[in-house]
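Take a look at the structure set out below.
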Number of protein chains: 2
Amino acid sequence: MMASKQRSEAGETATRILDIGERLVQVRGFNGFSYADVASELAMTTAALHYHFPGKAELGRALIERYTQRFLDALEEIDARIPGAPDKLDAYAALYAGVLRGQRMCLCGMLAAEYQTLPDPMRDAVIAFIDANEAWVERVLSDGRQAGSIALPGSASDAARLIVSGLEGAMLVARPYGDLARFDTAAEGLLSGFRR
Amino acid sequence: MMASKQRSEAGETATRILDIGERLVQVRGFNGFSYADVASELAMTTAALHYHFPGKAELGRALIERYTQRFLDALEEIDARIPGAPDKLDAYAALYAGVLRGQRMCLCGMLAAEYQTLPDPMRDAVIAFIDANEAWVERVLSDGRQAGSIALPGSASDAARLIVSGLEGAMLVARPYGDLARFDTAAEGLLSGFRR
DNA sequence: GTCTATAGGCAGATAGAC
DNA sequence: GTCTATCTGCCTATAGAC
């Protein structure tokens with residue numbers, strides 16, 4: 001029996017399934033991929049997939065939860081590494097740009113489009129992702145206003161929502177054009193208004 | 001033989017198919033609905049649908065083209081009815097809000113998410129929709145700058161792209177929350193920066 | 001953990017009668 | 001124009017052997 005390296009460790013195969021599923025959802029959408037797609041990339045059968053994730057809904061939920069956790073970790077890292085609010089926001093936008101560079105949509109932006117067709121547990125997880133993002137941006141904006149580096153016309157909450165939805169929209173539109181500069185320009189336009 | 005009321009008139013049934021298909025795509029996505037869904041709403045068989053539209057790809061293309069034409073007509077109407085650039089932009093955002101009020105995503109915003117899975121003719125039509133929107137907003141911004149009612153930090157083209165993608169993102173995120181105010185606040189935040 | 005085999009359903013699509 | 005009937009293929013999922 002191996003000593004586990006850390007808490008709540010997913011199996012090797014489960015991790016590979018999540019990696020492939022994540023990419024497929026971000027590129028094709030939850031309704032645009034199948035267990036067979038994942039299985040063929042792993043050179044396995046769909047039956048084996050069902051051993052690791054009982055159904056597509058459970059796989060979907062696991063995908064969102066891992067993605068959200070990774071995102072939150074990245075936000076923590078930004079908080080630890082970068083002092084000023086404006087630079088934190090730039091780093092935040094760079095996270096999105098990194099996703100787009102892989103020709104992917106934000107996982108939860110994609111699932112927001114498909115929201116009406118998602119099983120309930122997935123819906124809740126999508127909302128939790130957006131809530132967490134807005135809360136982090138709102139905190140950064142509030143701190144920045146306090147420190148005098150951020151100018152807010154209205155509430156920090158409204159500005160945070162504008163930034164999050166604006167970045168999601170910039171990804172959504174840039175991807176069909178395959179044009180990263182489109183995203184960067186929009187992100188800069190979104191954020192520049194809040195710098196003081 | 002009936003005298004046709006206008007050029008390029010679609011048949012009654014074809015129009016009903018387009019109406020239902022349009023709603024289904026805006027709510028569930030192109031990969032989230034089937035010919036059977038449309039047929040059941042019309043109390044018809046899928047075979048009859050194939051008489052009007054040879055395949056799902058052709059139906060999809062017709063949906064985008066009709067939607068784009070309607071949108072362009074609405075933009076013409078705004079140009080004719082509303083004088084100032086800032087008010088034109090407000091009316092433009094109100095178009096999006098009207099779509100969202102029906103608990104729908106913008107047809108082409110939805111299809112932008114599913115872009116990688118779309119047949120080529122549909123891809124081209126999605127791009128044409130976005131191009132046309134950006135061109136109209138850019139023209140309004142340029143005219144407004146000329147007239148002194150619009151302030152632009154950079155190019156009118158960049159600002160137009162920011163506005164279009166920002167409104168699409170605001171719809172994308174507001175819909176899962178079922179919260180129209182979320183969209184309105186984001187739209188106001190997006191546009192207010194350009195008023196002088 | 002992964003396989004074979006298979007179920008049961010739904011997808012888009014076509015042929016041919018009416 | 002719309003139907004019945006049917007095809008072929010893919011989908012999610014399960015049973016049971018290894």
Side-chain angles (χ1 to χ4, degrees), chain A residues 1-2 4 8-25 27-64 110-111 114 116-123, chain B residues 1-2 4 8-25 27-64 110-111 114 116-123:
Chain A
M1 193 181 294
M2 306 235 309
S4 80
S8 75
E9 188 175 2
E12 275 270 309
T13 305
T15 299
R16 265 186 234 130
I17 293 170
L18 289 168
D19 289 342
I20 294 168
E22 184 175 278
R23 197 192 68 244
L24 288 171
V25 173
V27 171
R28 305 181 49 89
F30 191 71
N31 294 326
F33 88 103
S34 69
Y35 259 42
D37 295 328
V38 180
S40 84
E41 285 201 44
L42 282 169
M44 286 176 43
T45 61
T46 60
L49 265 55
H50 282 282
Y51 171 83
H52 298 279
F53 300 95
K56 205 184 171 187
E58 288 79 14
L59 171 57
R61 189 167 218 280
L63 286 172
I64 305 170
M110 178 66 82
L111 296 174
E114 299 178 291
Q116 290 297 327
T117 70
L118 299 182
D120 273 330
M122 287 186 65
R123 291 191 187 190
Chain B
M1 195 180 292
M2 305 235 308
S4 80
S8 76
E9 187 176 2
E12 276 268 310
T13 305
T15 300
R16 265 185 235 129
I17 293 170
L18 289 169
D19 289 342
I20 294 167
E22 183 175 280
R23 196 191 68 245
L24 287 171
V25 173
V27 172
R28 304 180 51 88
F30 190 72
N31 294 327
F33 88 103
S34 69
Y35 260 41
D37 295 328
V38 179
S40 85
E41 285 201 45
L42 281 169
M44 285 176 43
T45 61
T46 61
L49 265 55
H50 281 282
Y51 170 83
H52 297 279
F53 300 95
K56 205 185 172 190
E58 289 78 14
L59 171 57
R61 188 167 218 277
L63 286 172
I64 305 170
M110 179 66 82
L111 296 174
E114 298 178 292
Q116 290 297 329
T117 69
L118 298 182
D120 272 330
M122 288 186 64
R123 291 191 187 191

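Numbered from 1 within each chain, the chains take letters A, B, ... in sequence-line order. These numbers come from the heavy atoms of this one structure, side chains and all, not from hydrogens, waters or symmetry mates.
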Gap between atoms CG and P, on B:N31 and C:dC10 respectively (whole Å): 18 Å
Which nucleotide wins on minimum distance to the side chain of A:H52, given the candidates D:dG1, C:dC3, C:dG1? C:dG1
Without decimals, in angstroms, what is the distance between B:D37 CG and C:dG9 P? 17 Å
Nearest whole Å is fine: how far is D:dC7 P from B:Y35 OH? 22 Å
Roughly how far, to the nearest 0.5 Å, is the CD1 atom of A:I20 from the CG atom of A:L63? 11.0 Å
Rounded to whole Å, CD1 of B:I17 lies from P of D:dG1 at a distance of 11 Å
Considering every strand and a 4.0 Å limit on heavy-atom distances, what is the contact class for B:S34: base, sugar-phosphate, or nothing? sugar-phosphate
Does any part of the side chain of B:R23, heavy atoms only, come nearer than 4.5 Å to the side chain of B:E41, both counted from C-beta? yes
With a non-hydrogen cut-off below 4.0 angstrom, is B:G55 in contact with a base, only sugar-phosphate, or nothing? sugar-phosphate
Would you classify B:A43 as touching base, sugar-phosphate or nothing, given that sugar-phosphate means primed atoms plus P, OP1 and OP2, and contacts are heavy atoms under 4.0 Å? sugar-phosphate
Hey, does B:Y51 have a side-chain heavy atom less than 4.5 Å from the side chain of B:M44? no
Would you kindly give the CG-to-P distance between B:L49 and D:dT2, to the nearest whole Å? 9 Å
For A:Y51, which contact category applies under a 4.0 Å heavy-atom criterion: base, sugar-phosphate, or nothing? base
Using a cut-off of 4.0 Å on non-hydrogen atoms, how would the nucleic acid contact of A:F53 be classed: base, sugar-phosphate, or nothing? nothing
Side-chain touch B:Y35/B:K56, heavy atoms, less than 4.5 angstrom: yes
Just N and O in the side chain of A:T46: are any of them under 4.0 Å from OP1 or OP2 of D:dA13? no
Spacing of B:L24 atom CG relative to C:dG12 atom P, expressed in whole Å: 11 Å
NE2/A:H52 to CG/A:L59 distance, rounded to the nearest 0.5 angstrom? 11.5 Å
According to a strict under-4.0 Å criterion, is A:H50 in side-chain N/O contact with OP1 or OP2 of C:dG1? no
A:A36 vs A:P54, nearer the 5' end of DNA chain D by closest nucleotide: A:A36
I want to verify a distance call: between C:dT14, C:dT2, D:dA15, whose nearest atom is closest to the B:A47 side chain? C:dT14
In whole Å, I'd like the distance from the NZ atom of B:K56 to the C1' atom of C:dT14. 18 Å
By nearest atom, which of the nucleotides D:dT4, C:dC3, C:dA13 is closest to the B:T45 side chain? D:dT4
